[in-house]
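Taking it in order: structure first as structure tokens, then the write-up.
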Amino acid sequence: MSMELQLKGKVIAAVKELYGQEINENLAQVQITRKDLTGDFTIVVFPLLKISKKSPEETGKDIGEYIKASDENVANYNVVKGFLNIELASDYWLKLVNNITKEEKYGYQAANDDSPLMMIEYSSPNTNKPLHLGHIRNNLLGYSLSRIAAANGYKVVKTNIVNDRGIHICKSMLAWKKWGNGATPESTGIKGDKLVGDYYVKFDQEYKAEIKTLIANHLKNYSELDEIKDFSETYSALKAQKKTKEGLDDEQNKQFKACEDLSKYAENNAPLILEAREMLRKWEAKDPEVYKDWETMNGWVYKGFDVTYKKLGVDFDKIYYESDTYTVGRDMVLSGLEKDLFYRRDDNSVWCNMTSEGLDEKLLLRKDGTSVYMTQDIGTAKLRFDDFDIDKMVYVVGNEQDYHFQVLSILLDKLGFNWGKDLVHFSYGMVELPEGKMKSREGTVVDADDLVDEMVNTAREMSKELGKLDGYSEEDAETVYKMIALGALKYFILKVDPKKNMTFNPAESIDFNGNTGPFIQYTHARIQSIFRKAAEKGISVAAEAPTNVEIGEKENNLIRMISNFPNIVAEAGRVFSPAVIANFAYDLAKEYNQFYHDYPILFEEDEDKRMMRLVLCKNVGKTIKNAMWLLGIDVPEKM
RNA sequence: GGUCUCGUAGCUCAGUUGGAUAGAGCAACAGCCUUCUAAGCUGUGGGUCGCAGGUUCGAAUCCUGCCGGGAUCACCA
């Protein structure tokens with residue numbers, strides 16, 4: 001039982017003994033003492049004043065005295081302004097350290113055959129463009145979550161759903177057919193996912209041009225727009241004004257409606273989009289030529305993705321492809337239709353009425369019978385359910401999809417999936433640039449490969465300048481550069497509360513000093529260096545620390561922090577937040593560096609103290625390593 | 001407009017079930033390497049926790065209203 005719980009029990013016992021009243025356990029508040037005050041645990045006495053009918057100071061003293069007398073681990077206590085600080089004996093803490101030493105996987109709970117299975121979906125790329133910074137956040141969060149879940153005793157299956165079909169894929173295929181002249185990754189030397197992405201952009205440019213022409217040609221059909229000079233200027237001006245408080249007057253409203261109509265007409269009737277839709281129909285009909293091109297181009301993209309995934313150090317246990325799941329989804333929807341869960345409109349499209357759940361009506365199949373996003377997710381769920389005995393399903397998907405998952409949860413529940421109702425949408429915030437959202441069509445995205453490469457270059461330059469890896473082979477040094485670069489990037493992303501939007505400024509490169517991954521990695525390397533030096537001096541680290549020495553303030557802080565690590569892991573698992581782990585690792589590293597600066601370790605003359613500190617260092621190193629593993633960050637022996 | 005979400009130092013972010021004097025890093029300035037790795041340590045300056053009420057012994061944290069940013073409400077995925 002943890003000391004926190006023990007103290008809680010003591011407080012309850014003390015109140016009963018001293019004031020003759022049974023209290024609810026949430027009145028017995030025990031927390032970790034603030035760093036700037038003396039003590040290890042703090043009991044808040046304010047909630048007890050009504051019962052004690054004494055001043056905060058007196059109440060604190062009463063309870064402090066009782067606890068000190070009844071627990072041999074309690075060395076002393078003090079009362080400050082209604083807060084009772086309990087000080088524990090040195091040997092209590094040192095025994096705790098010796099227990100931690102025994103656990104190599106300290107902080108982790110192992111899964112067994114009966115453990116619940118958590119499936120975590122993350123990444124979910126589209127095969128029409130390369131991965132960017134937004135995907136990086138998704139991948140890093142998903143990967144870290146899977147490790148945190150594993151450390152909390154879950155069986156974990158990491159999964160990926162590849163959006164490999166749909167109109168967006170047809171767009172890049174069509175552009176490549178039209179303007180590609182048979183270009184391949186081999187012929188151009190361009191990475192496959194980027195090559196395909198280039199044609200997606202090309203499509204968009206040509207499409208926009210067609211829309212413009214169409215609008216110009218049809219402007220005369222709209223009498224409301226007779227007078228205007230520039231269509232897009234007028235339209236966006238009206239849009240802007242609609243958002244303001246004044247809004248639009250009747251005349252402007254008519255114009256606005258006309259703009260909307262014309263714009264919609266052009267978007268739906270541009271030759272390119274008609275061709276792309278035709279291509280999608282052919283694809284769904286398994287037209288051999290279209291299908292072959294589709295396979296070829298997706299093949300290029302997968303090769304490109306593999307490179308990026310490897311670079312990021314993420315992987316999957318099972319990959320699903322929408323091209324396999326969308327028909328399953330369609331069948332599910334049709335069977336739901338038979339059971340009257342859904343309904344068909346006159347135009348043949350299929351819908352689900354969710355107004356009783358406070359939501360809208362949701363389209364499940366288009367009038368031409370093709371699938372939409374939601375249909376595919378239903379099919380994917382079905383296949384996963386067939387493949388695995390899922391207890392908990394977690395979707396790592398951006399917060400722009402909050403509504404989608406609300407709907408999906410209800411649909412899956414209606415369709416009889418027992419985990420549908422409490423599926424977890426791990427909803428994370430967007431990565432924004434200082435000037436706003438990233439837009440792939442406008443070329444303002446931060447490319448994943450470029451970013452990692454740039455970080456590795458910076459890490460290499462910095463290491464060489466500092467000369468820390470002299471004596472390492474080129475290959476070994478390169479491994480460390482990559483470790484540091486990824487450490488910086490991963491920590492930078494993961495330390496932020498996942499549900500919040502975060503800002504990334506590409507102009508200011510990610511730091512390697514201060515509250516960063518390399519700072520924590522450095523701390524680990526520093527600790528390992530001590531053991532190398534110790535070995536040189538012929539000092540071996542004992543299995544147990546002597547418990548007969550007094551520990552200092554920094555040592556006490558360190559022990560308290562590492563002993564709290566299992567609670568941190570549990571908390572991170574409970575709220576699905578790698579940031580909790582990241583902040584812990586930083587605080588621990590920071591505390592250790594202060595200790596390192598203030599206390600001699602190998603130079604300590606008292607042998608027992610020296611040994612105690614060495615054992616403590618060992619455990620701090622292990623805790624840092626284990627914490628960073630949960631973030632998917634490796635720590636070096638030397639840097 | 002409806003729904004959701006965020007607002008903490010110049011910038012990027014922490015802040016536990018409500019708890020003590022709201023913390024880090026970056027940037028700026030001033031120090032510390034003839035002892036275990038200076039990617040480190042120490043110090044200085046920097047705050048109306050968006051605003052106004054409310055609940056409470058106690059509010060950055062909970063409630064209400066307002067202001068501001070973002071997302072979403074597609075036969076795009």
Any chance you could measure Q376(A), atom CD, to Y321(A), atom OH, to the nearest 0.5 Å? 15.5 Å
Taking rA24(B) as the reference, what is the distance to rU42(B) when you measure between their C1' atoms (whole Å, please)? 15 Å
Mind checking if T503(A) touches a base, just sugar-phosphate, or nothing, with heavy atoms under 4.0 Å? sugar-phosphate
Rounded to whole angstrom units, what separation is found between the CD atom of E361(A) and the P atom of rG2(B)? 21 Å
Aromatic rings F83(A) and F46(A): how do their planes relate, parallel, tilted or perpendicular, breaks at 30° and 60°? perpendicular
Where does rC33(B) land, syn or anti, once you apply the within-90°-of-0 test for syn? syn
Closest to the V496(A) side chain, choosing from rA77(B), rA14(B), rA20(B): rA14(B)
Suppose we call a contact any N or O donor and acceptor under 3.5 Å apart; does that hold for the side chain of N593(A) and the base of rA39(B)? no
Just checking A579(A): base, sugar-phosphate only, or nothing, at a heavy-atom cut-off of under 4.0 Å? nothing
Check whether W351(A) forms a cation-pi arrangement with R344(A) (NZ or CZ under 6.0 Å from the six-membered ring centre, at most 45° off the ring normal). no
Would you say K362(A) places a side-chain N or O within less than 4.0 Å of OP1 or OP2 belonging to rC75(B)? no
Nearest-nucleotide pick for F603(A), side chain only, options being rC36(B), rC73(B), rG19(B): rC36(B)
Could you tell me which nucleotide pairs with rC49(B) by Watson-Crick or G-U wobble geometry, both distances under 3.5 Å, or answer none if nothing does? none
Between rG68(B) and rG23(B), how far apart are the P atoms? Round to whole Å, please. 32 Å
According to a strict under-4.0 Å criterion, is K468(A) in side-chain N/O contact with OP1 or OP2 of rA39(B)? yes
Interatomic distance, Q406(A) CD vs rC4(B) C1' [rounded to whole Å]: 8 Å
Ring centroids only, cut at 6.0 angstrom: are F519(A) and Y522(A) within range, meaning strictly under it? no
Between F504(A) (CZ) and rC11(B) (P), how many Å, whole number? 18 Å
Taking the minimum atom-to-atom distance to the side chain of E322(A), which one of rA77(B), rC75(B), rC36(B) wins? rA77(B)
Is the phosphate of rA39(B), meaning OP1 or OP2, less than 4.0 Å from a side-chain N or O of R526(A)? no
Taking only Lys NZ, Arg NE, NH1 and NH2, and the carboxylate oxygens of Asp or Glu, determine whether R165(A) and E284(A) approach each other closer than 4.0 Å. yes
Please state the C1' separation for the pair rC75(B) and rG70(B) - nearest whole angstrom. 27 Å
Spatial distance of atom CG (L48(A)) from atom CD1 (I63(A)) [nearest 0.5 Å]: 5.0 Å
Name the residue closer to the 5' end of RNA chain B, choosing between D402(A) and L363(A) according to the nucleotide with the nearest heavy atom. D402(A)
Is Y596(A) stacked against the base of rG40(B), taking the criterion as centroid distance under 5.5 angstrom and interplanar angle under 30°? no
Using a cut-off of 4.0 Å on non-hydrogen atoms, how would the nucleic acid contact of I167(A) be classed: base, sugar-phosphate, or nothing? sugar-phosphate
Pairing check on rU3(B): which nucleotide meets the Watson-Crick or G-U wobble criteria with it, both distances under 3.5 Å? rA71(B)
pair_partner(rC36(B)), Watson-Crick or wobble, both distances < 3.5 Å, evaluates to none
Report yes if at least one side-chain N or O of K533(A) is closer than 4.0 Å to OP1 or OP2 of rU35(B); otherwise report no. no
Per-nucleotide protein contact string for nucleotides 21-29 of chain B, where B marks a base within reach and S marks sugar-phosphate only (heavy atoms under 4.0 Å, - for neither): S-SSSS---
I601(A) near the nucleic acid: base, sugar-phosphate alone, or nothing, with a heavy-atom cut-off under 4.0 Å? base
Phosphate contact (rU72(B) OP1 or OP2) by Q401(A) side-chain N/O below 4.0 Å: no
In whole Å, I'd like the distance from the CZ atom of F405(A) to the C1' atom of rU5(B). 17 Å
Within a 6.0 Å radius of atom NZ on K554(A), are there more than 12 heavy atoms belonging to other residues, nucleotides or ligands? yes
Can you tell me the distance, in whole Å, between the CG atom of N78(A) and the P atom of rA20(B)? 16 Å
Please pick, from rA77(B), rC36(B), rU37(B), the nucleotide with the shortest atom-to-atom distance to any side-chain atom of Q376(A). rA77(B)
Rounding to 0.5 Å, atoms CG (L140(A)) and CG (L494(A)) come to a distance of 5.5 Å
Looking for any heavy atom pair under 4.0 Å, which part of the strands does K367(A) touch: base, sugar-phosphate only, or nothing? base
Phosphate OP1/OP2 of rU72(B) contacted by Y403(A) side-chain N/O (<4.0 Å): no
Is there a donor and acceptor pair closer than 3.5 Å between the side chain of T523(A) and the base of rA39(B)? no
For atom P, what is the distance between rA39(B) and rC4(B), given to the nearest Å? 50 Å
Could you check whether R610(A) gets within reach of a base, just the sugar-phosphate, or nothing at all, counting any heavy atom under 4.0 Å? nothing
What does M639(A) touch in the nucleic acid at a heavy-atom separation under 4.0 angstrom: a base, only the sugar-phosphate, or nothing? base
Provide the distance between the two C1' atoms, one in rU44(B) and one in rA27(B), to the nearest whole Å. 15 Å
Students often get this wrong, so: under 4.0 angstrom with heavy atoms, is Y599(A) touching a base, only sugar-phosphate, or nothing? base
Output, in order, the C-alpha distance, side-chain angles, deciding distance and verdict of side chain to side chain contact (heavy atoms under 4.5 Å, CB included) for Q31(A) and F41(A). CA-CA 6 Å; Q31(A) 50 196 247; F41(A) 290 97; over 6 Å; no
Relative to each other, are the rings of W283(A) and Y326(A) parallel, tilted or perpendicular (30° and 60° limits)? tilted
Gap in Å between the two C1' atoms, one belonging to rU3(B) and one to rG18(B), rounded: 28 Å
Scan every strand shown for a Watson-Crick or G-U wobble partner of rG58(B), both distances under 3.5 Å, and answer none if you come up empty. none
Could you state the atom-to-atom distance from CZ of F83(A) to P of rG19(B) in whole Å? 9 Å
Closest-nucleotide ordering on RNA chain B, the 5'-leading residue of R574(A) and L280(A): R574(A)
Which part of the nucleic acid, if any, lies within reach of D598(A) when heavy atoms closer than 4.0 Å are counted: base, sugar-phosphate only, or nothing? nothing
With rounding to whole Å, what would you report as the distance between rC29(B) and rU34(B) at their P atoms? 24 Å
Distance check, P atoms only: rU8(B) and rG2(B), in whole angstrom units. 25 Å
Partner nucleotide of rC26(B) by Watson-Crick or wobble geometry (both distances under 3.5 Å): rG10(B)
Looking across every strand, which nucleic acid part, if any, lies under 4.0 Å from P47(A) by heavy atom: base, sugar-phosphate, or nothing? base
Over how many whole Å does the gap from H597(A) atom NE2 to rC33(B) atom C1' extend? 9 Å
Identify whether any heavy atom of I484(A) sits under 4.0 Å from a base atom; if not, whether one sits that close to sugar-phosphate; answer base, sugar-phosphate or nothing. base
Under the 6.0 Å and 45° cation-pi test, does K638(A) pair with Y472(A)? no
Does K537(A) NZ have over 12 foreign heavy atoms under 6.0 Å away? yes
Scan N268(A) against the nucleic acid and name what it touches under 4.0 Å (heavy atoms): base, sugar-phosphate only, or nothing. nothing
Report which part of the nucleic acid Y373(A) touches: base, sugar-phosphate, or nothing (heavy-atom distance under 4.0 Å, all strands). base
